[in-house]
Amino acid sequence: MSIYSIAIDGPSGAGKSTLAKALAARLGFLYVDTGAIYRTVGLYVARQGGDCSKEEDVLPCLKTIDIAMEYGEDGLQHMILNGEDVTADIRKNEVSRYASQVSPIPGVRAFLLDMQRAMARENSVIMDGRDIGTVVLPDADLKIFLTASVEERARRRHKELLEKGQEIPFETVKEEIAQRDYADTHRAAAPLKQAEDAVVADTSSLNLEESLELLQTIVKERLNR
């Protein structure tokens with residue numbers, strides 16, 4: 001049985017996790033949300049009282065952290081931090097900032113790289129993040145760069161936060177997304193950028209189902225699946 005790997009990269013709020021998860025379900029692939037892994041690291045550092053932007057605070061935490069991913073019958077990825085299911089906790093708005101702060105640290109990226117590559121060697125996967133097609137899986141069978149305008153990404157994120165009971169002004173969400181875009185594209189370690197052989201999928205004017213159909217069309221054309 002052939003093993004395929006699909007790398008989906010793109011900026012924060014582009015819908016990578018939602019679409020990658022849905023696409024994986026339709027294809028029967030394993031979905032790997034790499035952003036959730038970085039969020040888990042950030043959450044742990046913050047819980048230890050560390051500053052997620054300081055390498056000297058973050059790296060010592062890697063010696064005592066234990067991260068695992070579990071998949072239920074529903075196919076959803078659950079993040080397990082030192083035995084605790086933190087799947088809900090890592091989706092809080094402040095944890096987005098923690099993830100953005102720990103992710104540029106080379107030691108963190110090296111620590112998690114083997115885990116991500118091992119999953120792709122052993123399973124047909126759809127993996128999403130910022131540097132999957134450029135660094136983590138440079139030989140992926142298909143690379144997709146998923147994007148949308150800052151305004152649209154902010155609107156989607158704001159709606160998601162409101163549904164979770166987090167009352168945050170739209171302009172604040174928009175500013176945070178713009179700041180994260182800058183940080184992700186200007187960081188020294190594995191900055192966000194489109195792989196040369198990636199297919200661009202802009203979903204600014206598409207709803208969820210239309211976006212999913214677009215990705216399925218790309219997969220069918222490129223992988224004949």
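All residue numbers refer to positions in the sequence shown, counting from 1. Values below: all heavy atoms of this structure, side chains included; hydrogens, waters and symmetry mates excluded.
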From [X] [atom1] over to [Y] [atom2], what is the distance, rounded to the nearest 0.5 angstrom?
X: L214; Y: T203; atom1: CG; atom2: OG1; answer: 8.0 Å
X: R153; Y: K174; atom1: CZ; atom2: NZ; answer: 11.0 Å
X: T147; Y: F145; atom1: OG1; atom2: CZ; answer: 5.5 Å
X: I8; Y: L142; atom1: CD1; atom2: CG; answer: 8.0 Å
X: L137; Y: S5; atom1: CG; atom2: OG; answer: 5.5 Å
X: L146; Y: K16; atom1: CG; atom2: NZ; answer: 7.0 Å

Short N-O contact, [X] and [Y], less than 4.0 angstrom:
X: R109; Y: D131; value: yes
X: R157; Y: E175; value: no
X: R39; Y: D89; value: no
X: D33; Y: R91; value: yes
X: R155; Y: E152; value: yes

Compare every heavy atom of [Y] with every heavy atom of [X], then report the nearest pair and how far apart it is.
X: I177; Y: S12; answer: CG2-O, 4.1 Å
X: R187; Y: S103; answer: NH1-OG, 3.3 Å
X: M127; Y: Q116; answer: CE-O, 3.2 Å
X: E55; Y: P60; answer: O-CD, 4.1 Å
X: A148; Y: S204; answer: CA-OG, 3.2 Å
X: D184; Y: S100; answer: OD1-OG, 4.2 Å

Does a side-chain heavy-atom distance below 4.5 Å link [X] with [Y]?
X: L112; Y: M115; answer: yes
X: L23; Y: L19; answer: no
X: I168; Y: N93; answer: yes
X: L30; Y: S124; answer: no
X: D128; Y: S17; answer: yes
X: R156; Y: L208; answer: no
X: V125; Y: I6; answer: no
X: R130; Y: K193; answer: no

Exercise for review: Test salt bridge (charged side-chain N to carboxylate O under 4.0 Å, His left out) on E94 and R47 and set out the steps.
Suggested key: CA-CA 12 Å; E94 63 268 22; R47 283 182 172 183; over 6 Å; no

[Y] backbone acceptor or donor facing [X] side chain under 3.5 Å:
X: T217; Y: E213; value: yes
X: K143; Y: D9; value: no
X: T185; Y: Y182; value: yes
X: E210; Y: N207; value: yes

Point to revise | salt bridge (charged side-chain N to carboxylate O under 4.0 Å, His left out) between E160 and K164, worked out | key: CA-CA 6 Å; E160 177 184 304; K164 293 180 178 179; 3.6 Å; yes

Exercise for review: Using the six-membered ring wherever Trp is involved, compare the ring planes of F170 and H158 and label them parallel, tilted or perpendicular (cut-offs 30° and 60°).
Suggested key: perpendicular

Same apolar cluster (I L V M F W Y, side chains within < 4.5 Å links), [X]/[Y]:
X: I67; Y: I132; result: yes
X: I90; Y: L161; result: no
X: M69; Y: L62; result: yes
X: L113; Y: M79; result: yes
X: L192; Y: V136; result: no

Point to revise | Pair T172-E176, side-chain contact (heavy atoms from CB on, under 4.5 Å): steps then yes or no | key: CA-CA 6 Å; T172 299; E176 288 178 349; 3.8 Å; yes

Exercise for review: Scan side-chain atoms only and decide if T64 and Y44 contain a donor-acceptor pair under the 3.5 Å cut-off.
Suggested key: yes

Review point. Going by atom types alone, do Q48 and D57 pair a side-chain donor with an acceptor below 3.5 Å?
Key: no

Exercise for review: Check the surroundings of atom CZ in R26: do more than 12 heavy atoms from other residues, nucleotides or ligands lie under 6.0 Å from it?
Suggested key: yes

